[in-house]
Colleague: 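Right, I'll just put the structure down here and ask away after.
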Protein chains: 2
Amino acid sequence: MVRWEPGTRERLQAAALELFTERGFEQTTAADIAAAVGVSERTFFRHFPDKREVLFDGQSRLVDAVVEGLRAAPADAPALDVVAAGLRAGAELFPDDLRAWARLRRAVIAEHPALLERERHKMAGLARTMRAALVARGTSEPAATLAAESGSTVFTVAFGQWIAEGEHRSLAELQTAVLDDLRSLTGTASDRGTA
Amino acid sequence: MVRWEPGTRERLQAAALELFTERGFEQTTAADIAAAVGVSERTFFRHFPDKREVLFDGQSRLVDAVVEGLRAAPADAPALDVVAAGLRAGAELFPDDLRAWARLRRAVIAEHPALLERERHKMAGLARTMRAALVARGTSEPAATLAAESGSTVFTVAFGQWIAEGEHRSLAELQTAVLDDLRSLTGTASDRGTA
DNA sequence: TCTAGTGATGACAGCCGCTGACATGAGATC
DNA sequence: GATCTCATGTCAGCGGCTGTCATCACTAGA
């Protein structure tokens, strides 16, 4: 007889998303989530350092993929192109059949400032890691920070479009389009009329 | 006889920064801060919605100043120049004699992830407000988001340089320099005549 | 001058997030 | 079969935060 079922962590995440969706984040206690899975509250906090984090697992996989993409980019590529390569690698983690899940998750996050705060923090972590990877490749400051932060913004904007109702393009396509917008914003399209 | 001294809020903020610096954020309870000022813990939470917020008051003044600067920019100016105008207005809130205070505050924030998270959130709020102001001026999406997020990044980077040891340039000067870096990062070299 | 607000505060009870400490027992290792 | 490992249960407890009600200097109106 098995003492504990495997996959406790994943079941906690699924139960949390479901309960948050039903009753809301604040109306769901950590003990509720644990009970739904049949474990103790203490076990919940052994898997996740805090209640919000149950929604933000898997972030490290994204970061790893992006950094891997950054590293694989040609050595002589401009910083923003290197970032673009990283984002493309990250986009592969989001095939189209994850859209529904991403939408549900986003809906929960959007309604609770504490969750929005955590999400921002996660994106900041992505930017920080990209910056470090750029610096390791030889990019100087503040170009590395600016490129990394811009990349993080592009990811966020493109992701928001990706989960929009009726959107059919892939995340990678959307990232490319947003990146083009960014280039035209700060480059040729905006260098006129500065006075 | 006066029932309560005025300026409770400000005294709470000063006591909090002092205690956080001495013992650290987590080692200081809200009750400690309240006791240092001679009020009850309940009063602390009447002035600040949560313990972190005691370090982040005054953010709204920055946001207001930046938005005011945005609104005052020429109607036909490109989005990033409008953002630059907003940042210049915001920089006026940070005369050089605030550097010491800003450094102290930054040191506390830098050591506690929960405070970094809140700071990110505040900057995100600035970006969101700038974006709305840009949209209200007629800037389209996603240019508005990208310009606003870029502006927020420029502010953060410039602010970090401003409080660096040995730095003597003003915040406005640093913002201009960082903005130039951003422009050259994403495309054509800048050719600016901004006063 | 009496009276009815007003508003910042104190006092207190209580929920919940989160942690430390210790015990437990099924499976793996040797 | 003895021992080790390690995810879990149990329990006590702190601190963040909130709702509720009382207090009382001060103010405004009758």
Side-chain angles (χ1 to χ4, degrees), chain A residues 1-57 108-109 111-119 121-122, chain B residues 1-57 108-109 111-119 121-122:
Chain A
M1 179 191 175
V2 196
R3 172 102 196 253
W4 355 271
E5 301 295 326
T8 301
R9 182 186 193 80
E10 289 72 20
R11 285 185 295 137
L12 282 170
Q13 295 178 72
L17 182 55
E18 191 177 332
L19 289 172
F20 290 165
T21 301
E22 281 175 13
R23 325 180 187 166
F25 176 73
E26 284 161 6
Q27 284 65 46
T28 305
T29 69
D32 289 338
I33 303 168
V37 169
V39 299
S40 68
E41 183 191 14
R42 192 67 183 85
T43 291
F44 176 92
F45 285 111
R46 282 202 182 94
H47 282 281
F48 306 100
D50 64 60
K51 187 181 153 190
R52 303 183 226 172
E53 202 62 18
V54 71
L55 280 179
F56 293 92
D57 203 54
V108 171
I109 293 173
E111 284 197 8
H112 301 277
L115 293 173
L116 284 168
E117 191 170 359
R118 176 58 53 86
E119 182 161 73
H121 191 62
K122 291 290 180 179
Chain B
M1 177 189 175
V2 196
R3 172 104 196 250
W4 356 271
E5 302 294 327
T8 300
R9 184 187 191 79
E10 290 72 19
R11 285 184 295 136
L12 282 169
Q13 295 179 71
L17 181 55
E18 191 176 332
L19 289 172
F20 290 165
T21 301
E22 281 175 13
R23 326 178 186 168
F25 176 73
E26 285 162 6
Q27 283 66 48
T28 306
T29 69
D32 289 339
I33 303 168
V37 169
V39 299
S40 69
E41 181 191 14
R42 191 68 183 84
T43 292
F44 177 92
F45 285 110
R46 282 204 182 90
H47 282 282
F48 306 100
D50 65 59
K51 186 182 153 190
R52 305 181 224 173
E53 202 61 20
V54 70
L55 279 179
F56 293 91
D57 202 53
V108 171
I109 293 173
E111 284 197 7
H112 302 278
L115 294 173
L116 284 168
E117 191 170 358
R118 177 58 53 85
E119 182 160 72
H121 191 61
K122 291 291 180 177

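Values below: all heavy atoms of this structure, side chains included; hydrogens, waters and symmetry mates excluded. Reminder, nothing fancy here: chain letters follow the sequence lines and each chain counts from 1.
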Colleague: Got more than 12 heavy atoms from elsewhere within 6.0 Å of CD, A:E10?
Modeller: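 Buried by this count: over 12 neighbours within 6.0 Å.
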Colleague: Quick one: do B:K122 and B:E53 satisfy side-chain contact (heavy atoms from CB on, under 4.5 Å)? Show the steps, please.
Modeller: CA-CA 10 Å; B:K122 291 291 180 177; B:E53 202 61 20; 2.6 Å; yes
Colleague: Report yes if at least one side-chain N or O of A:T8 is closer than 4.0 Å to OP1 or OP2 of D:dA7; otherwise report no.
Modeller: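 For D:dA7, OP1/OP2 do not have a side-chain N/O of A:T8 under 4.0 Å.
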Colleague: For residues 13-21 of chain A, dump all side-chain donor-acceptor pairs below 3.5 Å to protein atoms at least two apart in sequence or in another chain.
Modeller:
from: A:T21; atom 1: OG1; to: A:L17; atom 2: O; distance (Å): 2.7

Colleague: What about B:R46: does its side chain form a donor-acceptor pair under 3.5 Å with the base of C:dG10?
Modeller: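 Indeed, a donor on one side and an acceptor on the other fall under 3.5 Å apart.
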Colleague: Between B:R118 and B:D50, is a side-chain contact (heavy atoms from CB on, under 4.5 Å) present by the stated rule, with each step listed?
Modeller: CA-CA 11 Å; B:R118 177 58 53 85; B:D50 65 59; 3.1 Å; yes
Colleague: Can you figure out which of C:dC18, D:dC17, C:dT9 approaches the side chain of B:T43 most closely?
Modeller: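 Nearest nucleotide to the side chain: C:dT9.
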Colleague: If I take atom CZ in residue A:F48 and atom C1' in nucleotide C:dC16, what distance separates them, rounded to the nearest angstrom?
Modeller: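 From A:F48 CZ to C:dC16 C1': 19 Å.
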Colleague: Closest approach to the side chain of A:E41, judged atom by atom: which nucleotide of D:dG16, D:dT8, C:dC18 is it?
Modeller: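 Nearest to the side chain of A:E41 among the choices is C:dC18.
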Colleague: In Å, rounded to the nearest 0.5 Å, how long is the span from NE2 of B:H47 to CZ of B:R11?
Modeller: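 Rounded to the nearest 0.5 Å, the NE2-CZ separation comes out at 9.0 Å.
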Colleague: Just to be sure I understand the geometry, which residues of residues 15-37 of chain B put a non-hydrogen atom under 4.0 Å away from DNA chain D?
Modeller: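 B:T28, B:T29, B:A30, in order of number.
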Colleague: side-chain contact (heavy atoms from CB on, under 4.5 Å) for A:F25 and A:I109? Distances and angles first, verdict last.
Modeller: CA-CA 9 Å; A:F25 176 73; A:I109 293 173; over 6 Å; no
Colleague: Phosphate oxygens OP1/OP2 of C:dA8: is one of them under 4.0 Å from a side-chain N or O of B:H47?
Modeller: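 False: B:H47 side-chain N/O out of range (4.0 Å or more) of C:dA8 OP1/OP2.
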Colleague: Rounded to whole Å, please give me the gap between CG in A:L12 and P in D:dA7.
Modeller: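 Those two atoms, CG and P, are 14 Å apart.
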Colleague: What's the NZ-C1' distance between B:K51 and C:dC16, to the nearest Å?
Modeller: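 The distance from NZ of B:K51 to C1' of C:dC16 comes to 16 Å, rounded to the nearest Å.
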Colleague: Of B:G38 and A:F44, whose nearest nucleotide on DNA chain C comes first from the 5' end?
Modeller: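 With B:G38 and A:F44 compared, the 5'-side residue is B:G38.
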Colleague: Using whole Å, report how far CG of B:L115 lies from C1' of D:dG16.
Modeller: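 These atoms are roughly 14 Å apart.
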Colleague: Atom CZ of A:R9 to atom P of D:dA7: distance rounded to whole Å?
Modeller: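 That distance rounds to 11 Å.
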Colleague: Under 3.5 Å, side-chain donor or acceptor atoms of residues 28-44 of chain A against the rest of the protein: list the pairs with distances, not counting sequence neighbours.
Modeller:
from: A:T28; atom 1: OG1; to: A:G24; atom 2: O; distance (Å): 2.8
from: A:T29; atom 1: OG1; to: A:A31; atom 2: N; distance (Å): 3.4
from: A:T29; atom 1: OG1; to: A:D32; atom 2: N; distance (Å): 3.0
from: A:T29; atom 1: OG1; to: A:D32; atom 2: OD1; distance (Å): 3.3
from: A:T29; atom 1: OG1; to: A:D32; atom 2: OD2; distance (Å): 3.2
from: A:D32; atom 1: OD2; to: A:R23; atom 2: NH1; distance (Å): 3.0
from: A:D32; atom 1: OD2; to: A:T29; atom 2: N; distance (Å): 3.0
from: A:S40; atom 1: OG; to: A:T43; atom 2: N; distance (Å): 3.4
from: A:S40; atom 1: OG; to: A:T43; atom 2: OG1; distance (Å): 3.3

Colleague: Starting the side chain at C-beta, find the nucleotide from C:dC12, D:dC17, D:dG9 nearest to B:R42.
Modeller: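 My answer, after comparing the listed nucleotides, is C:dC12.
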Colleague: For the pair made of CG in A:D50 and C1' in C:dC16, what is the distance, rounded to whole Å?
Modeller: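 So the two atoms are 13 Å apart, to the nearest Å.
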